[in-house]
Amino acid sequence: MTMPVKVWDVWVRLTHWTVAGIVLWNLFGPTNATHRVLGYIAAGLVVARIVWGFVGSRHARFSAWWPTGSHFFDYLRSLAKSKPMHHVSHNPLGGLMAIFLWLLILALALSGWIMRLDAFWGEDWPQEIHTWLSVALEVCVCVHVAAAVLMSVWTRENLIGAMVTGWKRTAENKKAP
Ligand code: HEM
Ligand code: HEM
């Protein structure tokens, strides 16, 4: 028996797909003024989403999905037994990845800004850091998308559909939150 549950409010979905679009553009598009403006916009949206993690709707809040030690290891054990626990909000691995992706985007904006300061004119390291962060983000995005598809198939919960519509069909005997 499955029940539709409203999981992601419009702000979570809007920030997710806008940030995803900007990240893809900035990873593979030209590195011009648009790149820089979009990079700052993505960082601003990430900051807004982090604030929303404290004041936003129930499932968007950090309190609903922060990957604490015990949740994290319970979840890993459930994966090892091929019986993945259900979560209405992010599962602990997904939550950890979300935090990681946000930090990488913020660090990219910071290194992009530093790179262009007069104080670092002629220095290579800010640029090298920016490049390495972008490679790390690329790898994490690939893992993130693969995990979203894989877990949707494995648990028969359409996680990607839920990030589009806001609604998730989930088992009634779900593990809250
Ligand atoms: C390309 C850059 C992308 C970035 C930086 C990114 C980042 C994120 C972040 C930070 C979250 C947490 C959302 C929140 O709590 O507000 C998230 C969730 C999610 N993303 Fe992405 N994402 C990207 C692309 C994609 C794509 C292409 C898909 C679909 C194929 C996707 C599917 C999902 C899903 C399904 C969730 C929710 C996972 C869950 O139910 O726990 N993402 N993403
Ligand atoms: C979502 C955030 C961002 C992503 C994913 C991103 C990604 C990238 C990538 C993949 C490159 C090419 C690296 C290379 O060819 O070695 C690059 C270059 C560059 N980025 Fe970003 N970036 C972001 C934000 C920013 C911001 C906020 C700024 C500055 C305000 C910035 C300034 C630059 C500049 C000036 C270059 C050219 C560096 C060069 O000449 O090699 N980026 N960025």
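As the structure is a prediction and not an experimental result, all values here were calculated from the model. One-based numbering, in listed order, for ligands and for the atoms of each. These numbers come from the heavy atoms of this one structure, side chains and all, not from hydrogens, waters or symmetry mates.
- Of all the atoms in ligand 1, the ones that sit under 4.0 Å from a non-hydrogen atom of Ala20 are 1 (C), 2 (C), 3 (C), 23 (C), 24 (C).
- Look at Gly94 and you'll find every heavy atom at least 4.0 Å from all atoms of ligand 1.
- Listed by atom number, the atoms of ligand 1 under 4.0 Å from Leu159 heavy atoms are 35 (C), 40 (O).
- At least one donor-acceptor pair under 3.5 Å links the side chain of Arg61 to the backbone N or O of Phe54.
- Between His90 and ligand 1, a contact under 3.5 Å exists for at least one N or O pair.
- Connection of Met115 to Leu108 is not established within any shared hydrophobic cluster, with ILVMFWY side chains joined at heavy-atom distances below 4.5 Å, either directly or through further cluster members.
- Looking at Arg49 next to ligand 1, an N or O pair under 3.5 Å apart turns up.
- If you number the atoms of ligand 1 from 1 as listed, the ones under 4.0 Å from a heavy atom of Val145 come out as 25 (C), 26 (C), 27 (C), 30 (C).
- For Arg77, the side-chain hydrogen bond (donor to acceptor under 3.5 Å, both in side chains) test picks out Asp74, with sequence neighbours left out.
- Pairs passing the ring-ring contact (aromatic ring centres under 6.0 Å, His included) check and including a residue from residues 129-152, sequence neighbours excluded, do not occur.
- Annotation: His16 places an N or O atom under 3.5 Å from an N or O atom of ligand 1; distance criterion only.
- Taking any N or O of His144, backbone or side chain, at least one lies under 3.5 Å from an N or O belonging to ligand 1.
- Under a hydrophobic clustering in which Ile, Leu, Val, Met, Phe, Trp and Tyr are joined whenever their side-chain heavy atoms come within less than 4.5 Å, directly or via other members, Leu76 and Leu150 fall into different clusters.
- No more than 12 heavy atoms of other residues, nucleotides or ligands shown are found within 6.0 angstrom of CH2 on Trp25.
- Phe62 has its ring centre less than 6.0 Å from the ring centre of Trp65.
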List below, pair by pair, the N or O atoms of ligand 2 and of the protein that are less than 3.5 Å apart, including the distance to 0.1 Å; reply 'none' if no pair qualifies.
| residue | atom | partner | partner atom | Å |
| --- | --- | --- | --- | --- |
| ligand 2 | 16 (O) | Thr131 | OG1 | 3.0 |
| ligand 2 | 20 (N) | His35 | NE2 | 2.9 |
| ligand 2 | 20 (N) | His130 | NE2 | 2.9 |
| ligand 2 | 22 (N) | His35 | NE2 | 2.8 |
| ligand 2 | 22 (N) | His130 | NE2 | 2.9 |
| ligand 2 | 41 (O) | Gln127 | NE2 | 2.9 |
| ligand 2 | 42 (N) | His35 | NE2 | 2.8 |
| ligand 2 | 42 (N) | His130 | NE2 | 2.9 |
| ligand 2 | 43 (N) | His35 | NE2 | 2.9 |
| ligand 2 | 43 (N) | His130 | NE2 | 2.8 |

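- Within a 6.0 Å radius of CZ in Phe100, no more than 12 heavy atoms belonging to other residues, nucleotides or ligands are found.
- With sequence neighbours excluded, the residues satisfying side-chain hydrogen bond (donor to acceptor under 3.5 Å, both in side chains) with Trp125 are Glu123.
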